[in-house]
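Working notes, structure below.
What you see below is based on every heavy atom in this structure, not just the backbone, and it leaves out hydrogens, waters and symmetry mates.
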Amino acid sequence: MSREREFDYVIVGAGSAGCALAYRLGEDRDVRVLVLEAGGWDSSPWIHIPLGWGKILTERRVDWQYFASPEPSVGGRAVECARGKVVGGSSSTNAMAFVRGHPADFDRWAAGGSHGWGSADVLPYFKRLERWGRGANAWRGGDGPVSVQYCRYDDPLNDAFMAAAREAGHPIMDDYNANGADGFGRLQVTIAGGKRMSAARAYLRPAVAGGNVDVRVNAHATRIVFDGKTGRAVEYMQGGTAQRAVAAREVIVAGGVINSPQLLMLSGIGDPSRLAEHRIAVKAALPGVGRNLQDHVSVILTYRRREQSPFLRNMRADRIAMSLANAYAFGRGFASDIPGGVVGFLKSDAQLACPDMQLILTNASLPAWPWFPGFRKPFADGFACRTVMLHPRSRGEVRLASADPLAAPRIDQHFLCDPHDWKVVRTTIRRVREIVRQPSLARFAERESLPGAEVESDDALDAFIRKTAITVHHPAGTCRMGSADDPLAVTDDEGRVRGVQGLRVVDASLMPDLTSGNINAPVIMIAEKIADRIRGRPALESLSW
């Protein structure tokens with residue numbers, strides 16, 4: 001095994017959290033930071049062209065290729081669990097939606113024992129990370145690394161859907177990331193200059209340019225090495241060779257909700273009975289490692305469209321070829337945004353503290369492909385609405401399938417294992433139908449393709465849900481932070497792993513539970529906030545959300 005020179009910090013994972021950590025820790029010019037990434041550089045044009053997102057997801061080009069275990073609640077299907085295996089992590093493969101969550105999410109974290117994570121504590125870090133396209137104000141940041149703008153996709157369906165939502169009795173928000181209201185608004189996305197604003201673009205490349213942050217790609221972390229109870233190094237495989245990176249100050253695990261608990265367990269941190277199954281010696285007995293897995297479950301309703309859509313028109317082979325080239329070279333045109341633009345956050349019960357349902361309009365047919373007259377027929381023109389259950393009560397688990405660090409872990413999602421979750425998913429479907437029936441959408445919606453208007457009863461909807469429910473790729477909670485008296489808390493409120501020293505976890509696995517929406521923005525916020533603690537800096541002054 002080759003031994004590298006010593007670094008101050010070794011970060012495992014160049015995803016959203018790892019990139020942000022590298023940037024902030026690297027601001028101290030007297031430190032050396034090493035980032036280990038199991039995937040390669042984000043060199044594919046499909047990553048940077050916003051419209052390329054669909055191709056990245058469906059073909060799983062830079063992905064860990066994970067699947068959840070088959071379960072009866074989803075008809076025995078092995079639901080895919082796509083996770084970015086590339087510099088930038090899932091911020092290089094996601095749909096670029098920027099959603100902070102609701103203030104009540106963070107107040108719930110604080111009330112549950114995660115001190116310093118209330119809404120007033122996290123708002124200044126949300127502001128610090130973002131460069132909001134409309135400029136800074138009381139709620140939004142104006143000069144942060146992550147550029148955020150309204151989705152600019154041009155389709156009259158967007159305005160019609162918003163009008164229909166209003167007709168159905170829902171409020172309209174100018175900025176859903178501002179004051180935590182519920183209702184419908186224009187989708188906000190991490191796009192700048194017509195190209196994806198991934199964490200690699202926003203944070204990692206500037207950090208590397210500073211000269212004191214190094215990145216090793218295709219470097220698969222296999223074990224954390226301890227000196228007694230102190231994390232001192234990370235062993236990893238690169239090019240078929242076992243190597244070791246030494247950390248003088250800390251090892252920071254930022255591998256994500258699936259890989260972070262796996263690495264901890266491989267290193268002897270976890271439930272002793274589970275570790276014994278693989279003959280792994282216990283370094284710290286923490287039964288919560290891998291447990292508390294939760295994810296946003298989604299069911300998609302599709303509709304045939306009466307008028308020809310901009311999406312169908314622009315997907316003609318000659319046009320889309322030119323659009324992709326224009327977007328990649330100049331950041332302009334049809335392919336420089338995603339075919340959407342409207343998102344809603346709703347409550348299934350008015351007494352709830354925050355929304356528990358999300359609706360996302362997709363102004364495109366599913367599936368779709370390039371077409372050309374006389375050579376390939378076009379796809380059926382339509383649009384879709386993705387329903388998302390934001391606060392599931394079901395909980396899953398990540399477990400070791402093998403002591404081999406290169407083997408995929410076992411992912412038991414346990415989707416829809418709580419009756420409450422079924423009720424909420426059915427409600428989201430019915431809310432979509434209420435909106436689509438409104439007069440403003442009469443000229444757009446010809447009929448419901450899936451599941452079809454005849455699927456109305458609870459039993460019929462449940463059969464559709466069981467057959468089609470998927471993840472929205474927002475897993476969280478497998479190394480959750482919490483108070484010392486929480487038996488399943490893996491870390492304290494600064495990400496420090498209990499029972500050892502010199503080791504932190506900083507990614508979505510820290511979340512006690514899910515936020516009300518897409519989680520990339522909260523993950524970056526977590527990294528920004530903990531970076532200050534690692535550097536010994538005082539927390540930013542609290543702000544009223």
Under 3.5 Å side-chain donor-acceptor pair for Arg196 and Asn94: yes
If only atom types and distance count, is the side chain of Ser73 paired as donor or acceptor with the main-chain N or O of Leu416 below 3.5 Å? no
Are Asp175 and Gln188 close enough that a side-chain donor and a side-chain acceptor fall under 3.5 Å? yes
Straight-line distance of Lys55 NZ to Leu324 CG, nearest 0.5 Å: 9.5 Å
Heavy-atom distance under 4.5 Å between the side chains of Leu361 and Val343, does that happen here? no
Decide whether Asp356 and Ser348 meet the rule of one side-chain donor and one side-chain acceptor closer than 3.5 Å. yes
Before you tell me yes or no, could you show the steps for Asp155 and Arg305 under salt bridge (Lys or Arg N to Asp or Glu O under 4.0 Å), namely the whole-Å CA-CA distance, both residues' side-chain angles and the distance that decides it to 0.1 Å? CA-CA 13 Å; Asp155 186 340; Arg305 190 161 172 164; 2.8 Å; yes
Distance-only polar pair, side chains of Glu528 and Tyr125, donor-acceptor under 3.5 Å: no
Got Ile320 and Phe334 here, is their nearest side-chain heavy-atom distance under 4.5 Å? yes
Write down the atom of Val436, the atom of Ala445, and the distance for their closest heavy-atom approach. CG1-CB, 3.7 Å
Is a side-chain donor or acceptor of Gln294 paired with a backbone partner of Leu514 at a separation under 3.5 angstrom? yes
Is the backbone N or O of Gly76 less than 3.5 Å from a side-chain atom of Glu71, with the two atoms forming a donor-acceptor pair by type? no
Quick one: pull up CG in Asn314 and OG in Ser309 and give me the separation to the nearest 0.5 Å. 8.5 Å
Side chains of Asp337 and Met96, heavy atoms from C-beta outward: is any pair under 4.5 Å? no
Kindly indicate, with the supporting measurements, whether the criterion salt bridge (Lys or Arg N to Asp or Glu O under 4.0 Å) is fulfilled by Arg433 and Glu448. CA-CA 9 Å; Arg433 287 172 162 175; Glu448 183 179 289; 2.7 Å; yes
Taking Arg291 first and then Asp412, would you say they form a salt bridge - that is, a charged N and a carboxylate O separated by under 4.0 Å? no
Between Arg395 and Asp295, does a salt bridge (Lys or Arg N to Asp or Glu O under 4.0 Å) hold up when you go through it step by step? CA-CA 8 Å; Arg395 294 291 184 269; Asp295 199 350; over 6 Å; no
Under a 3.5 Å cutoff, is there a donor and acceptor pairing between the side chains of Asn518 and Gln358? yes
Which pair of heavy atoms, one from Gly341 and one from Arg186, lies closest together, and at what distance? O-CD, 3.1 Å
Under the side chain to side chain donor-acceptor pair (under 3.5 Å) rule, collect the residues that match up with Ser91, sequence neighbours excluded. none
Residues pairing under ring-ring contact (aromatic ring centres under 6.0 Å, His included) where one sits in residues 437-481, two or more places apart or in two chains, turn out to be His296-His474
Polar contact flag, side-chain donor to acceptor under 3.5 angstrom, His414-Glu397: no
CZ (Arg100) and NZ (Lys127) are apart, to the nearest 0.5 Å, by 8.0 Å
Less than 4.5 Å apart, any side-chain heavy atom of Ile258 and any of Pro409? yes
Under 30°, 30 to 60°, or over 60°: which ring-plane class applies to Phe372 and Phe375, parallel, tilted or perpendicular? tilted
So, is the end of the Lys529 side chain (NZ or CZ) under 6.0 Å from the ring centre of Trp117 and within 45° of the ring's axis? yes
Would you mind reporting whether Val148 and Glu130 have side-chain heavy atoms less than 4.5 Å apart? yes
Taking the six-membered ring for Trp, are Phe379 and Phe311 parallel (under 30°), tilted (30 to 60°) or perpendicular (over 60°)? tilted
Would you give the length of the straight line joining atom NZ of Lys347 to atom OG of Ser516, rounded to the nearest 0.5 angstrom? 9.5 Å
Counting only heavy atoms not in Asp143 (residues, nucleotides, ligands), do more than 12 fall under 6.0 Å from its CG? no
Can you measure from CG (Leu51) to OG (Ser323) and round to the nearest 0.5 angstrom? 8.0 Å
Less than 6.0 angstrom separating the ring centers of Tyr176 and Phe98, yes or no? no
Side-chain (Ser298) to main-chain (Val388) donor-acceptor, under 3.5 angstrom: no
Once you round to the nearest 0.5 Å, how far does CG of Leu293 lie from CD1 of Ile411? 8.0 Å
Would you call the rings of His170 and Phe184 parallel, tilted or perpendicular if under 30° counts as parallel and over 60° as perpendicular? tilted
Would you say Arg386 and Leu359 make side-chain contact, with heavy atoms under 4.5 Å? no
If you draw the axis of the six-membered ring of Tyr328, does the NZ or CZ of Lys195 fall within 45° of it and under 6.0 Å from the ring centre? yes
Would you say the side chains of Ser542 and Asp121 form a donor-acceptor pair under 3.5 Å? yes
Between Ser457 and Asp459, is there a side-chain donor-acceptor contact under 3.5 Å, judged purely by atom types and distance? no
If we only count heavy atoms from C-beta on, is the Phe415 to Val79 side-chain gap below 4.5 Å? yes
Heavy atoms, side chains only, cut-off 4.5 Å: are Phe383 and Thr302 in contact? no
Main chain of Val74, side chain of Arg77: is a donor-acceptor contact present, judged purely on distance under 3.5 Å? yes
Would you call Arg426 and Asp458 a salt bridge, taking side-chain N to carboxylate O under 4.0 Å as the test? yes
Heavy-atom closest pair (Pro378 atom, Leu312 atom, distance to 0.1 Å) is CB-CD1, 3.8 Å
Looking only at the side chains, is there a donor atom on one of Trp109 and Asp493 sitting less than 3.5 Å from an acceptor on the other? no
Ring-ring centroid check Tyr150 Trp132, cutoff 6.0 Å: yes
Closest non-hydrogen atom pair between Ala508 and Val523, with its separation: CB-CG2, 3.6 Å
With salt bridge (Lys or Arg N to Asp or Glu O under 4.0 Å) as the test, would you mind laying out the steps for Asp63 and Arg83 before giving the verdict? CA-CA 5 Å; Asp63 184 75; Arg83 299 281 83 204; over 6 Å; no
